[in-house]
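So you know, we letter chains A, B, ... as the sequences are listed, proteins then strands, and number each from 1.
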Amino acid sequence: MTDDYLAVVQLHAAYVAAVDAGDWDAWCNLFTDDCCYRLVPRENHDRGLPLATLSFESKGMLRDRAYGIRETLFHDPYYQRHVIGLPLIRGRDAGRIRTETNYAVFRTKLSEPTTVFNVGRYLDEIVRTPDGLRFAVRLAIYDSELIPNSIIYPI
Amino acid sequence: MTDDYLAVVQLHAAYVAAVDAGDWDAWCNLFTDDCCYRLVPRENHDRGLPLATLSFESKGMLRDRAYGIRETLFHDPYYQRHVIGLPLIRGRDAGRIRTETNYAVFRTKLSEPTTVFNVGRYLDEIVRTPDGLRFAVRLAIYDSELIPNSIIYPI
Amino acid sequence: MTDDYLAVVQLHAAYVAAVDAGDWDAWCNLFTDDCCYRLVPRENHDRGLPLATLSFESKGMLRDRAYGIRETLFHDPYYQRHVIGLPLIRGRDAGRIRTETNYAVFRTKLSEPTTVFNVGRYLDEIVRTPDGLRFAVRLAIYDSELIPNSIIYPI
């Protein structure tokens, strides 16, 4: 179990490093081909409402977002910095490790002080692949009811 | 030792998940029957002064607070989100594992941006019970000298 | 590996506890004699520019800073609180463990609310010594392009 936990921790840490470095290829590669990534307000998640701020349903859609970020989206540049807590093992079934992990994301814009951008929790389903552990499902459920009008990068 | 550390980490992570979900029954159940929970300003802790913002000295008092939160306290609703660091093992004696863990708690009120609410460190004494590890003592020592006038939920 | 990882985690946690307690002797002792500690803006690090906000190149220089903090620097007192994420193992070579770890530092001044002070990542090189793991190199690379005019304590 502790070897498994270390691998889970390394997957989470690799995700954070990839996203905060803006290394979108590395980010995509932490997911399975038929993955699901969704960024959802807590209110909607708690009520079972389907609206999501971001929703990608395959690695292809992640790659499309990565392309968009690099090539087509016009936006103020900003840095993200994730600090995540300790993953809680929620269970294992059918080869999947389910974890819950709190996160805070800070944003730094050019010549502005750093602010709290988005906080919430990840609900993940993690599977073993020949390349190591990967996210089959990653839900990022955030607390604020204000919909940020400028979520460009994944959380 | 690493198995023990994993169990300590899971206890901390379960605490955070319970509190941020507002699952007060789960929160109470992470403590021993004769537990002590105190929320204390750093100044008072450092000087040995007894004043605490919250102080509960048994699981019964925790349950009373949980009842109060659900039934009797009038307050603006808000979400809490804890992000905690890596527990430092401070020692073991008489069957107790003593840990120190930094935390940040973010607060989100309806239609307001998320803010930094309370930061500090937990000083814990953790014991083994038939149900797994539990908090015998949890001190939450916070940095701000401003006493928040609206700490409704435990930190 | 997991025993090693636990030792790495404890080193990180001990650092945070020492710095946030203002225990500068303990802080110095977490480094090797010929250590390197640098606090660098992300822009400069990414472009290979040498300018650093703080730069110490031996344990003697750390001790000098510690002396300065205690005896000679005039400044508004403030508390720091670090919350760090999960260390990512970047590699091992020549007896060094290289890790990358995100951090957020919160600052609390007397009678003011807590604010986000500095966020970024640590790039570390950790070595085994007779006294346990120690930092041979610690780079703290922070996101904000605003140079804080009041970084008194190490990050």
Specify the closest pair of heavy atoms between [X] and [Y], including all atoms of both residues, with the distance to one decimal.
X	Y	answer
C:D20	B:R42	O-NH2, 2.7 Å
C:T2	B:T2	O-CG2, 3.8 Å
C:A14	B:L88	N-CD1, 3.8 Å
C:R81	B:Y103	CG-O, 4.2 Å
B:S144	C:T108	CA-CG2, 3.5 Å

Check against side-chain contact (heavy atoms from CB on, under 4.5 Å), C:T114 and B:Y142
CA-CA 10 Å; C:T114 299; B:Y142 62 95; over 6 Å; no
Whether over 12 other heavy atoms sit under 6.0 Å from B:R70 CZ:
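Enclosed: over 12 neighbouring heavy atoms sit under 6.0 Å from CZ of B:R70.
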Just wondering, do C:P87 and B:L86 contact through their side chains at under 4.5 Å, heavy atoms?
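With C-beta onward as the side chain, the pair touches.
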Is any side-chain heavy atom of B:V116 closer than 4.5 Å to one of C:V116?
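Sidechains of B:V116 and C:V116: in contact.
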How far does CZ of B:R121 sit from NE2 of C:H82, to the nearest 0.5 angstrom?
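Answer for the CZ-NE2 pair, B:R121 versus C:H82, is 14.5 Å.
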Between atom CG of B:N102 and atom CZ of C:F106, what is the distance when rounded to the nearest 0.5 Å?
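Reported value, rounded in 0.5 Å steps: 10.0 Å.
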Could you tell me which portion of C:A21 (side chain, backbone, both or neither) has an atom closer than 4.5 angstrom to a non-hydrogen atom of chain B?
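For C:A21, the backbone is the part near chain B, not the side chain.
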